[in-house]
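So the structure is just underneath, and the comments pick up after that.
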Amino acid sequence: MSSNTRGSWGSRFGFVLAAAGSAVGLGHIWRFPYVTGENGGAAFVILYILCVFMIGVPILFAELSLGRHSHKNPVGAIKAIAPHGVWKYLGYLGVATGLFILSYYTLIAGWTFGYIFKTLLQNPVTFDDFSTNAPLNALLYVIFLLMTIGVVYGGIRGGIERWSKILMPILPVILIFIIIYSLTLEGAMEGVRFYLRPDFSVITGETIMIALGQAFFANSLGMGAMITYGSYLDKKENIIAAGTTVVAFGIVISFLAGFAIFPAVFAMGKSPAEGAALVFVILPEIFEAMPGGLLIGTLFFLLLAIAALTSAISLLEVPVAFLIDERKMRRKVATWLVGGITLIFGIPSALSFGASDFFSNLPFWTDQSFFGMMDYIFGSIALPLGGMLFSIFVAWRWGLVGANKEIALGNETFLGIQSKMWGIVIKYICPIVIFFVFLFQTGLLTW
Ligand code: TRP
């Protein structure tokens, strides 16, 4: 099937851009600082980087090659290799995970959108008042969801891609401004220590699980987004080079985001373990106080909203591509259907920040909100689980010969030592390490 009938990224805009658009988003600037803050700082950062390079990058190559090989969504890609049997459920897992992540991702993206105006209009509303305002949250949620739907079905991608190409490089520059200001605050050094001086005693099985989950989340891995994007990829593109570029850019953005946040957190006497609200509490305070904060803050939230949009598109695109390819649905119908389901699951998440007592403090899970539960189950558990199964599928079911051949198109040199190393990692290291992380996390295994 030609990629165009499935609604592809315009190939002339280049694949790196589309993949970077999917990867770089709230995961780096909102989620990375918040999980780092909750999980002990520097030691977590090191674990995270290890997870990205040891597990994330090899799985990225696996997903991209699987997608390009089959030109299909996750379910179709798996069926193209294993038409019968249970493997297709792995594809379904990916499709469902995409939908559920989108349901709460949209909420945070909506906040980002709202914060553009809050900053621009110098509205002093606190995060607590903001997040408990149910009608406002609902409105922002729906606006952002409609924008995502509009892109996925209307195909204004060319515009979005062009814009992100111009705007995304500005993001690190703005972060550097914020970092410089953050570092001048009194007490900032304590934050730098928290962020850069590791204390490995804080690491538990749970911490490793969350670092691994973050490595998947930030790089859009483990649910087939990169299979779907790989399916729109030209055979002459270099999967290794493109994949590595995307991951490296993401690491830089994450690292800078943490550096912008933590010195300020400590200087302001706040707790780094604030949770999902962290950057929305800290950043506005920085922008209020720093010279030029109005402009820098507005621009920052605008860029973040755009980064979030290019990521949300990829989350929506997976279930939509599945419904089009496998259920022969029209793109329009599929997009509205998935958007509608997303909204239903988004409502309890939107009420998780104080608007509803029940959803803010689930009675059956200590200290966990509905939002927190969704992010934990899908962001931290389902993605590594999917990644483990994808690596097993590619290495053991599809086979390394096929995968190597696919990657080598567009990169001849891969067939040497690189393919041997990748083969060992994807065949043994990835599945085994992820499996052990699960054992640690469930407490079946301890240090
Ligand atoms: N990686 C994106 C971010 O960091 C979020 C995202 C987009 C994602 N597509 C994904 C996460 C697929 C997991 C799977 O904001």
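For the numbers below, each heavy atom of this structure counts, side chains included, while hydrogens, waters and symmetry mates do not. Just so you know, ligand 1 is whichever comes first in the structure, and atom 1 is the first atom listed for that ligand.
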* Structure fact -> In ligand 1, the atoms that come under 4.0 Å of a heavy atom of A23 are 1 (N), 2 (C), 3 (C), 4 (O), 15 (O)
* Report yes if some N/O of L26 lies less than 3.5 Å from some N/O of ligand 1; otherwise report no. => yes
* Test of proximity, G27 against ligand 1: N or O pairs below 3.5 Å -> yes
* **Electrostatic pair E326-K72, nearest N-O below 4.0 angstrom** => no
* Asked: Roughly how far, to the nearest 0.5 Å, is CD1 of I429 from CE of M54?
  -> 6.5 Å
* **Protein residue, atom and distance nearest to atom 8 (C) of ligand 1, heavy-atom basis** => S220 OG, 3.6 Å
* Asked: Would the W111 and F353 ring centres measure less than 6.0 Å apart?
  -> yes
* Asked: For atom 12 (C) of ligand 1, which protein heavy atom lies nearest, and how many Å away is it?
  -> M223 SD, 3.3 Å
* To do: Evaluate the side-chain proximity of F61 to T244: yes if any heavy-atom separation is below 4.5 Å, no if none is.
  => yes
* Structure fact -> A student checking ligand 1 against L383 at a 4.0 Å heavy-atom cut-off should list atoms 13 (C)
* With a 4.0 Å cut-off, would you call E317 and R331 a salt bridge? -> yes
* Asked: In ligand 1, which numbered atoms sit nearer than 4.0 Å to a non-hydrogen atom of L315?
  -> 7 (C), 8 (C), 9 (N), 10 (C), 12 (C)
* Asked: Short question: side chain of W30, backbone of A276 - any donor-acceptor pair under 3.5 Å?
  -> yes
* **Under 3.5 Å: donor-acceptor pair, side chain of Y141, backbone of S103** => yes
* To do: Determine whether any heavy atom of Y105 lies closer than 4.0 Å to an atom of ligand 1.
  => yes
* Asked: Taking the side chain from S220 and the backbone from S22, do they hold a donor-acceptor pair closer than 3.5 Å?
  -> yes
* Asked: Nearest protein heavy atom to atom 9 (N) of ligand 1, by residue and atom, and its distance?
  -> S314 OG, 2.9 Å
* Options A20, S22, G25, ranked by nearest heavy atom to atom 2 (C) of ligand 1, top entry -> S22
* Would you check the N or O atoms of A218, main chain and side chain alike, for any that come under 3.5 Å of an N or O of ligand 1? => yes
* To do: May I ask you to identify the nearest protein heavy atom to atom 11 (C) of ligand 1, giving residue, atom name and distance to one decimal place in Å?
  => F217 O, 3.2 Å
